[in-house]
Every structure is written in C-alpha cells, then in structure tokens.
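To start, the structure under review is shown below, and the notes come after it.
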Amino acid sequence: MPSSHFFNGWKYYLCGMMSEQFFLPKYEPKVPSSQTVIWSAPSNIALVKYWGKKPVQLPANASVSFTLSNCKTITEVTFFAKKLKDDKHSFDVLVDDVSNESFRPKMESFFTKAQEYLPFLSSGHFQIRTTNTFPHSSGIASSASGMAALALCLMSIEKSLDPTMSEDFFLAKASFLARLGSGSACRSIKGSMVAWGSHPAVSNSSDLFGVPLRQPWHEFFLNYQDTILIVEEGQKQVSSTAGHDLMHNHPFAQQRFEQAETNLSDLITAMTQGDLDEFIGIVESEALTLHAMMMTSNPAYVLMQPATLSIITAVWNFRKSTQIPICFTLDAGANVHLLYPKSVKSEVLSFIEQELVAYCQNGRYICDELGEGSIQLNVYPNS
Ligand code: DP6
C-alpha cells in the first residue's frame with residue numbers, strides 16, 4: 001500500500017499512474033489541536049490555457065502557466081477543535097476582515113470535495129481570514145491564489161497530524177486539493193512555471209495536480225515580466241466555471257484540446273531554445289483561441305472590450321516597428337497581460353505610459369513578474 005513516504009524519490013515514475021487514492025490519509029483519524037496557520041500564494045497566468053474539464057475537476061487538456069510574484073492572496077486559517085464531533089464542516093470567511101458570504105458557495109463545495117482527503121475538516125470550526133495584494137475591484141481573478149493559499153493552510157494542519165510527511169507530498173497534495181477548489185489554483189503552489197495535466201512532453205505530469213517545469217530555459221525567460229492592463233474593473237459577466245461547461249458539446253472542442261497539447265510541446269521547445277518568435281506566436285494564439293471558444297459557444301459570449309482590441313492592435317504595431325519582443329495574453333476577462341523580457345522593461349513601460357494607459361480603466365495597470373511560488377508566513381498582514 002502506498003504511503004506518503006513512498007512519494008519521495010519515486011515521483012518521476014509514479015505521477016502518470018497515480019490515482020486519487022494516493023492522497024487519502026494514511027494515518028488513523030485524529031482531531032488536530034486548535035491552531036492558526038498562514039500562507040501566501042501567488043496568482044498565475046496561463047500561457048497554454050485550461051479551458052474545458054471532466055469530472056471531478058480534471059482538465060480536458062494540459063496547460064502551463066507563469067507563476068506571478070506580486071499578485072497574491074494571503075490566508076490565515078484558525079482551526080478550533082469541536083468538543084463534540086459531528087459530520088458537518090463549519091467555517092466563517094472574512095475578506096479584508098469583513099465577513100463575506102459571497103465566497104461561501106465555492107468554499108462549501110471545496111470543503112465537501114476535500115472532506116474525503118482531509119477527514120479532520122468535519123472535526124472543527126475554521127475561521128478563514130483572507131486578503132489579496134491586488135485590489136478586489138481590479139478584475140484579476142483571486143480564485144487561483146485564494147484556493148491555493150487555503151489548501152496550503154489545510155495541509156499545514158494535516159502535517160500537524162502526520163509530521164513525517166515529506167515536503168514533496170505536502171506540496172503535491174496542496175496542489176491536488178487546490179485543484180478541487182478551482183482548476184487553475186493547482187498551478188499556484190510552486191514557481192516559476194507549472195504544468196498541469198498529463199502530457200508526454202512533461203515527464204512527471206498529472207491530471208491530478210500541477211508540477212513545476214524545471215527545464216533549462218533560455219536566459220530570455222528567466223526574469224520575464226507581466227504587466228497587467230486593467231481594462232475592466234469588477235466581476236466578469238460569465239464565470240470561468242460556466243465557460244468550461246460550455247466546452248461540452250462545443251463544435252470545436254476536440255480540435256481545441258488537440259491544439260493545446262501540440263502548443264504545450266512546441267512552447268517548451270521554444271522556451272528551451274530561446275525562440276521568442278515561436279513563443280510569441282503560441283502565447284497570442286492561445287489567448288485568442290480561448291476567446292474564440294467563448295464567442296463560438298452556445299450561448300455565445302464576448303469578454304473582450306473595445307479597449308482590449310485597441311491594446312492588441314497597438315502591441316502588434318509596436319512590436320513590428322521596434323522589434324521589441326513583447327506579446328499579450330488574456331485570461332477569461334477583458335484585461336490584457338503584457339509579457340516581455342526584463343531587458344526591455346523601460347521601453348515597454350514608456351510605451352504603456354504613452355499609448356496604452358489611455359485604454360486602462362482609471363489608468364490602472366499592475367507590474368508583476370515571474371515568482372517562486374507560495375510561502376508560509378508567521379504573521380498575517382496588519383495584525
Ligand atoms: C481562462 O480555474 O478559474 O484562466 O476550475 O472552474 O475554477 P474553475 O476555473 P478556473 O479557469 C481558469 C481558466 C483560464 C485559463 C487558465 O488559467 O488556464
């Protein structure tokens with residue numbers, strides 16, 4: 001029978017064949033002592049997009065993302081052991097220290113899915129305090145960083161029950177649990193590039209959790225920058241979860257899933273060889289294909305705004321006239337992520353100030369770059 005310790009040293013052979021069973025607890029059911037844990041987890045931006053899923057939270061195709069550095073969620077979980085055990089989990093969520101019920105349905109569904117893997121969830125009450133380093137109104141999705149930070153906190157509590165758990169297992173299970181909350185969250189545990197989904201070009205890859213890609217990337221990609229142009233603040237009109245659902249019976253779904261698999265292999269080759277033209281071509285095609293899927297869903301919808309298209313056109317013109325290797329990507333919204341090597345940062349920032357800031361809502365943009373992943377903290381901000 002597999003144990004958590006078996007994971008060490010065997011991960012490269014096991015990931016492809018691993019099943020959910022691997023993450024079931026291997027210790028006798030126990031109630032942890034009351035405790036507080038704090039984790040910070042970053043946001044991520046997909047280069048090859050996850051769009052379409054199978055039950056339960058398994059990707060229809062493999063995806064890969066850059067882990068960010070500045071945009072992150074910090075979450076503190078305080079566990080209060082219950083005097084009398086019942087079979088129901090209970091939690092409160094404070095966002096920026098204000099009780100927030102809008103997160104409850106997604107959290108409720110996460111706790112229900114995670115219960116089997118963390119039996120202690122029903123043996124106490126959880127007080128969850130969470131804050132983002134990016135403004136809630138910025139239109140940047142916090143579900144990836146938020147679910148990753150929460151999963152890491154729960155893993156720290158589980159580790160108090162099983163102190164011999166290896167670090168590899170801890171991180172893989174945190175990613176596995178984060179995925180149950182939001183698919184892309186499984187790519188927010190480690191840095192600086194993470195693949196999720198079983199793929200022949202990524203030897204230790206799995207549909208169950210994200211794995212860091214440790215290729216010897218060409219130096220162009222070591223300090224890559226991501227400047228997020230805020231075209232539309234606030235909530236997006238169609239959730240990603242609803243968008244994934246529309247890939248069922250989508251007329252182009254099969255071709256799209258195959259394209260993503262090819263793009264992932266080609267992207268790894270381009271990044272290893274330092275082929276920026278190929279990198280740019282794949283990343284922009286992935287972004288536009290994602291939105292093309294939305295526009296050809298039934299019902300169809302459009303998340304890009306006129307300003308999104310103006311920015312894309314301006315980026316293409318700037319790249320053509322300057323030969324500066326900047327490209328864009330999009331998540332499931334109107335905001336534009338500009339990706340470029342650090343060596344051209346000052347030219348790109350001048351371009352943003354002179355030409356692009358006019359398209360940003362309230363002139364807002366956020367400068368970010370590749371990051372190394374989540375970290376455990378001792379103190380919650382401002383406490
Ligand atoms: C466009 O992970 O937000 O950002 O699994 O339903 O929570 P759920 O969806 P989510 O989808 C992210 C979609 C995307 C592409 C990506 O991050 O790969």
Side-chain angles (χ1 to χ4, degrees), residues 41-68 71 73 103 105-110 112-114 139-151 175-189 193-197 199 202 205 207-211 213 226 228 232 235-248 250 253 256-257 259-261 263-264 267 282-295 297 301-304 308 328-337 339:
S43 189
N44 71 73
I45 180 68
L47 305 174
V48 173
K49 309 291 181 182
Y50 146 58
W51 200 242
K53 59 175 145 174
K54 310 173 268 191
V56 178
Q57 288 285 97
L58 297 171
N61 61 264
S63 59
V64 66
S65 53
F66 276 156
T67 307
L68 299 184
C71 291
T73 299
F103 284 84
K106 203 153 186 172
M107 291 285 206
E108 193 67 58
S109 143
F110 169 70
T112 303
K113 285 186 201 135
I140 300 178
S142 60
S143 60
S145 51
M147 285 297 174
L150 177 60
S175 175
F176 170 86
L177 293 169
R179 186 200 99 234
L180 297 178
S182 179
S184 56
C186 76
R187 300 188 313 240
S188 272
I189 303 292
M193 218 178 147
V194 177
W196 168 39
H199 190 286
V202 184
S205 57
D207 281 355
L208 300 179
F209 54 93
V211 291
L213 275 174
D226 178 8
I228 309 161
E232 187 175 43
Q235 288 277 342
K236 47 195 177 192
Q237 310 114 13
V238 182
S239 73
S240 289
T241 305
H244 288 290
D245 272 354
L246 293 172
M247 288 302 279
H248 295 296
H250 191 293
R256 160 60 200 153
F257 301 145
Q259 177 202 41
E261 300 293 317
N263 278 346
L264 199 147
L267 187 86
I282 294 169
V283 168
E284 291 189 347
S285 165
E286 277 289 317
L288 294 174
T289 304
L290 168 70
H291 284 258
M293 291 298 112
M294 298 172 194
M295 288 189 246
S297 295
Y301 63 108
V302 181
L303 294 183
M304 288 191 281
T308 314
F328 68 84
T329 189
L330 307 166
D331 61 13
N335 296 339
V336 182
H337 290 246
L339 303 177

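Fair warning: this is a prediction, and the values are worked out from it, not measured in the lab. Heavy atoms only: backbone and side chains are in, while hydrogens, waters and symmetry mates are out. First listed ligand is number 1; within each ligand, the first listed atom is number 1.
- A donor-acceptor pair is defined here as one N or O able to donate and one able to accept, closer than 3.5 Å; no such pair exists between the side chain of Ser109 and the backbone of Pro105.
- Closest of all the heavy-atom pairs between Ala149 and Ala41 is N-CB, 3.5 Å.
- Summarising the geometry of Leu267 relative to Ile282, their closest heavy-atom pair is N-CD1, 3.5 Å, with the distance given to 0.1 Å.
- Listed by atom number, the atoms of ligand 1 under 4.0 Å from Lys106 heavy atoms are 7 (O).
- Not a single heavy atom of His291 sits less than 4.0 Å from an atom of ligand 1.
- Summary of contacts: the protein heavy atom closest to atom 16 (C) of ligand 1 is Arg187 NH2, 3.3 Å.
- Every atom of ligand 1 with a heavy atom of Gln57 under 4.0 Å away is listed here by number and element: 5 (O).
- Checked options Ser184, Ser188, Ser63; the residue passing with Asn44 is Ser188 (criterion: side-chain hydrogen bond (donor to acceptor under 3.5 Å, both in side chains)).
- With hydrogens and angles disregarded, a donor-acceptor distance shorter than 3.5 Å links the side chain of Ser205 to the backbone of His199.
- Put simply, the side chain of His291 never gets that close to the backbone of Ala332: no donor and acceptor are under 3.5 Å apart.
- Nearest approach of Ser175 to Gly210, heavy atoms of both residues: OG-N, 2.8 Å.
- Among all non-hydrogen protein atoms, the one lying nearest atom 4 (O) of ligand 1 is Asp331 CB, 4.1 Å.
- Ligand 1 has a nitrogen or oxygen under 3.5 angstrom from a nitrogen or oxygen of Thr241.
- Using a 4.0 Å cut-off between heavy atoms, Asn44 makes no contact with ligand 1 at all.
- In this structure, Tyr50 and Trp196 have perpendicular ring planes: the angle between them is above 60°, well past the 30° mark.
- The protein heavy atom nearest to atom 13 (C) of ligand 1 is Tyr50 O, 3.6 Å.
- When non-hydrogen atoms are compared, ligand 1 lies under 4.0 Å from the backbone of Ser184 as well as from its side chain.
- Counting only heavy atoms of the protein, atom 7 (O) of ligand 1 lies nearest to Ser182 OG, 2.7 Å.
- The atoms of ligand 1 that sit less than 4.0 Å from any heavy atom of Trp51 are 1 (C), 13 (C).
- A donor atom on one side chain and an acceptor atom on the other are found under 3.5 Å apart for Lys49 and Thr329.
- Counting heavy atoms under 4.0 Å from ligand 1, residue Met293 does not touch it at all.
- Shortest non-hydrogen contact noted between Arg187 and Thr67 is O-OG1, 4.0 Å.
- Residue Ala46 approaches ligand 1 through these ligand atoms, each under 4.0 Å from one of its heavy atoms: 16 (C), 17 (O), 18 (O).
- Judged purely by atom type and a 3.5 angstrom limit, Lys53 has no side-chain atom pairing as donor or acceptor with the backbone of Thr241.
- For ligand 1, the atoms closer than 4.0 angstrom to any heavy atom of Gly183 are 2 (O), 5 (O), 7 (O), 8 (P).
- With respect to atom 8 (P) of ligand 1, the closest heavy atom belonging to the protein is Lys53 NZ, 3.6 Å.
- Remark: minimum distance from atom 3 (O) of ligand 1 to any protein heavy atom is reached at Ser240 CB, 3.5 Å.
- The closest protein non-hydrogen atom to atom 9 (O) of ligand 1 is His244 NE2, 3.1 Å.
- Near Ala332, the atoms of ligand 1 lying under 4.0 angstrom from a non-hydrogen atom of the residue are 1 (C).
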